[in-house]
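Fair warning: this is a prediction, and the values are worked out from it, not measured in the lab.
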Amino acid sequence: MSPFRLVFGKPCHLPVEVEHRAFRAVKQCNFNIDEAGRHRKLQLQELEELRNDSYENVRIYKEKTKLFHNKSISRKHFEVGHRVLLYHSRLKLFPGKLRSRWIGPFIVTKTFNHGAVEIQSEKTGQTFKVNGHRLKPFYEGFNANALEVIHLDVPMC
């Protein structure tokens with residue numbers, strides 16, 4: 001073997017020592033070059049299988065997480081005439097800890113199938129559309145005058 005070879009069409013000098021050392025190392029370890037190549041290909045295929053399995057496991061995990069998350073989301077259905085509160089999302093520099101972020105009550109005047117809701121202010125009468133996620137039902141406190149009194153008799157033995 002000559003010390004000169006054509007690389008990209010140009011003559012160059014390859015160190016013979018490097019080639020000699022590589023062949024010597026292969027002979028010392030008693031490796032069969034073809035067998036080592038097949039073994040390396042097998043290792044690469046196993047690595048590719050592991051990678052594919054991990055992608056599949058990640059996909060399954062994401063699907064399960066999404067299902068769990070979607071189960072925990074409460075679906076809100078508003079009917080015309082319901083009273084609702086609106087989330088006040090404006091940024092306040094000094095919001096105050098105990099101040100509620102919900103304003104209202106408002107009255108639902110129209111619902112749309114894509115989640116938007118048209119509401120009307122009870123104070124001003126102004127109507128506007130908002131996202132249904134920014135609304136929650138308005139629950140009025142119980143009326144103390146509407147309480148029913150039940151007298152319990154002492155049982156006779």
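- At least one side-chain heavy atom of E122 sits less than 4.5 Å from a side-chain heavy atom of P105.
- Contact detail for L86 and F128: the closest heavy-atom pair is CD2-CE1, 4.0 Å.
- Evaluation of the side chain to side chain contact (heavy atoms under 4.5 Å, CB included) rule for I60 yields E56, K64 as partners, not counting sequence neighbours.
- R83 is not listed as a side-chain neighbour of F106, based on a closest heavy-atom distance of 4.5 Å or more.
- The CZ atom of R101 sits 15.0 Å away from the CG atom of L85 when rounded to the nearest 0.5 Å.
- Looking at heavy atoms from C-beta onward, E48 lies in side-chain contact with N52 at the 4.5 angstrom threshold.
- Atom NZ of K110 and atom CD1 of I119 lie 15.0 Å apart (nearest 0.5 Å).
- V130 and W102 fall into different hydrophobic clusters, where Ile, Leu, Val, Met, Phe, Trp and Tyr are joined by side-chain heavy atoms under 4.5 Å apart, directly or via other members.
- With hydrogens and angles disregarded, a donor-acceptor distance shorter than 3.5 Å links the side chain of T109 to the backbone of E118.
- Residues forming a salt bridge (Lys or Arg N to Asp or Glu O under 4.0 Å) with E46 (at least two apart in sequence, or on another chain): none.
- Note on residues 37-69: no pairs pass ring pair (Phe, Tyr, Trp, His ring centres under 6.0 Å), not counting sequence neighbours.
- Between V117 and F112 the shortest heavy-atom distance is N-CD1, 4.3 Å.
- With values rounded to the nearest 0.5 angstrom, L67 atom CG is found 7.5 Å from E63 atom CD.
- Of the possible donor and acceptor atoms, one in the side chain of R134 sits under 3.5 Å from a partner among the backbone N and O of Y87.
- Of the possible donor and acceptor atoms, one in the side chain of S54 sits under 3.5 Å from a partner among the backbone N and O of R51.
- Within 6.0 Å of CZ in R59 there are more than 12 heavy atoms belonging to other residues, nucleotides or ligands.
- To the nearest 0.5 Å, the span separating CD on E79 from OG1 on T111 amounts to 6.5 Å.
- Atoms CD and CD, from Q45 and Q43 in turn, are 11.0 Å apart once rounded to the nearest 0.5 Å.
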